[in-house]
Number of protein chains: 4
Amino acid sequence: MQSDGRPIGLKRNPIIEEARRRQIIDAAIETVAAVGYAQASLSRIAQHARISKSVISYHFAGKDDLLEQVVTQIYDDSWKFIEAALETEDTASGKLRAYIRSNLDYLHAHRSRALAVGDIVRGHRAPDGTPRFAATTDESVVDLLTAILRQGLADGEFRDLDPQVVAVTVGQALIGVLGLWVMNPAVDLAACTTELITLFDRATRK
Amino acid sequence: MQSDGRPIGLKRNPIIEEARRRQIIDAAIETVAAVGYAQASLSRIAQHARISKSVISYHFAGKDDLLEQVVTQIYDDSWKFIEAALETEDTASGKLRAYIRSNLDYLHAHRSRALAVGDIVRGHRAPDGTPRFAATTDESVVDLLTAILRQGLADGEFRDLDPQVVAVTVGQALIGVLGLWVMNPAVDLAACTTELITLFDRATRK
Amino acid sequence: MQSDGRPIGLKRNPIIEEARRRQIIDAAIETVAAVGYAQASLSRIAQHARISKSVISYHFAGKDDLLEQVVTQIYDDSWKFIEAALETEDTASGKLRAYIRSNLDYLHAHRSRALAVGDIVRGHRAPDGTPRFAATTDESVVDLLTAILRQGLADGEFRDLDPQVVAVTVGQALIGVLGLWVMNPAVDLAACTTELITLFDRATRK
Amino acid sequence: MQSDGRPIGLKRNPIIEEARRRQIIDAAIETVAAVGYAQASLSRIAQHARISKSVISYHFAGKDDLLEQVVTQIYDDSWKFIEAALETEDTASGKLRAYIRSNLDYLHAHRSRALAVGDIVRGHRAPDGTPRFAATTDESVVDLLTAILRQGLADGEFRDLDPQVVAVTVGQALIGVLGLWVMNPAVDLAACTTELITLFDRATRK
DNA sequence: AATGAATGAGTTTTCATTCAT
DNA sequence: TATGAATGAAAACTCATTCAT
């Protein structure tokens, strides 16, 4: 529960509040990326942010709330970036290429977010094991890609493919290439990006 | 540490011993599949196996040991299945198809193993966040696929592709499709298998 | 590990902090004195201090840390007392007498400390049996006595004796007499003190 | 409780039984000497004896029983040795010298017993902290020495000393010198023996 | 005579959370 | 707005003991 000491009325300073919230969210992302969801305790997150543990309790209702905001933040943020890239393309194949490229570019620029978000979505559950995120997340990516692929099918751009399966494949391929690069930073992510674009171009065209 | 009650010598009864070991390993797999690595405590695993917590300590040196044996068991088991499928093919493209099919077939038949193994490999770390499995696992899959793809390149079967990137893509595509099916068992995994085979056939051929 | 709840910086309240630390250290001493090192669990110590078990984890990094501070505290404390007594004497024989008397007086006033410190120093070890205190403790007493005896030899006050053996003998005699009194509080510790002073006076003079 | 499987009637083989009992007792002594009472679990003792843990349960009613027999064994054994030495002397001062020498000789020959016995007597208690050995042990040594000293007083051999205090001092001096030698095997125990004999000769004579 | 298997009680430690200030 | 202090629940693990064979 959020601390009762939290002011209810007018005294809140939304600027400081927001800065702290961001700082804590960033620390949570870095911590999960570094040690994995299962080892990412509030203590460790606080330690990373160089703040007291109770500051987290003050700004967030609890661990659930924090992680929910972390995930939301990352999805919103990445979506802004990808959306802008998609808007520059009209054809489905162009959008597919733009999606792959913008996605990898974003992940390239925000490695820890990419690492953290999957871990949290998969790992964060109720004490009884019930997922706390489920469909909200991966599905939105798959849904977007599915929509692009359906458009391409309708426009006659693509061969007769199953949009959902290909969408999932694209999504996971991105994660896979990212994982490769994360484990071994020597991997040339730009080259991988080109390779993936070629691969799915061939895999989808008539 | 393994419970000190554990006999040191060779005289232990291998039948009961092995049965219990399997029972506990299976319970661990089911538990991780059901509630996720982070929630899979020894208590819960014991509860699932309907045994006392300390029976686990008796048969395994600790949580590390148990999870290591779980992963080993799954990898060994699936490898036997896949290996047999690969041996029926001579060409690289045939082997690629066989790999995709046998892998999905195995996962289809052992859903919880598929769910558990990734979670454990990703989640199980030292207290300081250092991975405990890392290379042993995903790499071996990627290495196998890379070898198949290299053979295909040498034999002139494939277009000029980057074997490692494609290998990773294939591996992750499998995980992705599996994930799709796991979240939504209504997904037609057989259809997905066919789709993936087509996809990577097109993506790799000249 | 110290509970992660523990603030890292410098801002902690030193008054409450110190009070609790002392309270816990005292409870540890009383508990070890009452039930012996091997039976002195953190539970029992917490019970004795009438606090929750986790308060100990909050203020100390662990059992090791607590016991180390217990021993340090007792040694520092007793040393202050003995040092003051030694400073009132110039001759070696005077210092020897002062050491015996002040030591027994201190132990007489703090029976549980006397009981606990030996038990902890002897009993507290790494899981593999390696001592955790060893030389730090008994040696410093022996070293002090050895120095006094060497001074007496140099000044021609004492017969030709082996300073180390006599030092050990004195040290152990004190422990022995104390043990006698501890087991049987009816023993007249003051009389024992006088007796020991006479004994070692005779044993060392020319 | 002793295992119910223990044969009650005539089938026991007292020779094998006795050999095992001794083996286990010896292992217990070595283990306590090596790692200290608090770390000397039945597992570790069994490991040391290279037998199964349950063999101990078979031959002893429990840990209490085992440790009691360990202590009894050591006291009986050392007493035989010391008694023989005392019988060669008539005067109290001769007996005192003989006691010191024979005691140190015995300890010298059985270092682990010397280490273990004190640790067990001090450490072994009921779960509530109540001692399990108490007076039985150290007292018998002190009683013997006290008797010797009383005889010397009665015969006019000694100065007017407090027999109990001196007895305790002698006993602890022996332990102290032994401890010195145990910590640092380079210490010349024979020289220490001579030194102690001189010391207490001077400390007690008229 | 011996021992593998099993277990419940108890160990230290970590954690998310609450509360008073 | 912030945080030190406290706590109960639960984690992994160890131990002496019991029991069936």
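Convention: sequence-line order gives letters A, B, ...; per-chain numbering from 1.
The side chain of Ser54(C) lies closest to dG8(F), out of dC13(F), dT13(E), dG8(F). Taking every side-chain heavy atom of Leu42(A) into account, dA16(E) is the closest of dT13(E), dA16(E), dG8(F). When each of dT18(F), dA6(E), dT13(E) is scored by its nearest atom to the side-chain atoms of Ser57(D), the top-ranked nucleotide is dT18(F).
dA1(E): no Watson-Crick or G-U partner with both key distances under 3.5 Å is found in any strand. Base pairing annotation: dG4(F) forms a Watson-Crick or G-U wobble pair with dC19(E), both donor-acceptor distances under 3.5 Å. Checking dG10(E) for Watson-Crick or G-U wobble geometry (two distances, each under 3.5 Å) identifies dC13(F) as its partner.
At least one side-chain nitrogen or oxygen of His59(C) sits closer than 4.0 Å to the OP1 or OP2 atom of dA6(F). A sub-4.0 Å separation between OP1 or OP2 of dT11(E) and a side-chain N or O of Ser41(C) is present. For Arg20(C) and dA6(F), the shortest distance from a side-chain N or O to OP1 or OP2 is below 4.0 Å. Here Tyr58(D) does not reach the OP1 or OP2 of dA2(E): none of its side-chain N or O atoms lies under 4.0 Å away.
Within the 3.5 Å criterion, the main-chain N or O of Ser112(D) finds no donor-acceptor partner in the side chain of Glu30(D).
Side-chain atoms of Arg44(D) and Gln47(D) include no donor-acceptor pair closer than 3.5 Å.
Below the 3.5 angstrom threshold, one finds no donor paired with an acceptor across the side chain of Lys53(C) and the base of dT7(F).
Under the 30°/60° scheme for interplanar angles, the aromatic rings of His124(B) and Tyr37(B) are found to stand perpendicular.
Ranked by how close their nearest DNA chain E nucleotide is to the 5' end, Val55(B) and Lys63(C) are led by Val55(B).
Following rounding to the nearest Å, Leu67(B) (CG) and dA12(F) (P) show an atom-to-atom distance of 10 Å. Across the protein-nucleic acid pair, Arg44(C) atom CZ and dA9(E) atom P stand 17 Å apart, rounded to whole Å.
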